[in-house]
Amino acid sequence: MAQLSSGHANLMRLAIKGADADGWAKVSKIVWPMVAQLPADLVELRPSDDGGHVRLTEHGHVVLKYS
């Protein structure tokens, strides 16, 4: 796996900060293209017409903890 960029790490931290009780964070339509580029093994994505929702996987939490 390639090294996690600082931009991707920041997006993942924002997803944790904005998460609801189930771990899902709402993402605006403007930010969605950047979130959609996050590695698939680190996040779960639920796209919608107005952006979508993102949630870190267990692997995503571990990688972010040590990055």
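Scope of the values below: all heavy atoms of this structure, side chains included, with no hydrogens, waters or symmetry mates. Position 1 is the first residue of the sequence; numbering continues from there.
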Verify side-chain contact (heavy atoms from CB on, under 4.5 Å) between Val35 and Leu45, making sure each step is shown before the conclusion.
-> CA-CA 8 Å; Val35 170; Leu45 302 174; 3.7 Å; yes

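With a 4.5 Å cut-off on side-chain heavy atoms, Leu42 and Leu56 do not count as touching. The closest side-chain heavy-atom distance from Lys29 to Pro47 is not below 4.5 Å. For the pair Val43/Thr57, no side-chain contact is recorded, criterion being any heavy-atom separation below 4.5 Å from C-beta on. In this structure, the side chains of Val54 and Met12 stay at 4.5 Å or more apart for every pair of heavy atoms. Looking only at side-chain heavy atoms (C-beta outward), Ile16 and Leu64 come within less than 4.5 Å of each other.
Of all heavy-atom pairs between Gln37 and His8, the closest is O-CE1, 3.8 Å. Listed here is the closest heavy atom pair of Trp24 and Glu44: CZ3-O, 3.6 Å. Annotation for Ala15 and Ala25: closest pair O-CB, 3.4 Å, computed over non-hydrogen atoms. Ser67 and Arg13 make their closest contact through OG-NH2, 3.8 Å (heavy atoms, listed as atom of the first residue, atom of the second, distance). In terms of heavy-atom proximity, Asp22 sits nearest to Arg55 at O-NH1, 3.1 Å. The minimum heavy-atom distance linking Lys26 with His53 is given by the pair CA-CD2, 3.6 Å.
By the criterion of side-chain heavy atoms lying less than 4.5 angstrom apart, applied directly or through intervening Ile, Leu, Val, Met, Phe, Trp or Tyr residues, Leu14 is not grouped with Leu38; the two fall into different hydrophobic clusters.
If you chain together ILVMFWY residues whose side-chain heavy atoms come under 4.5 Å of each other, Tyr66 ends up grouped with Val62.
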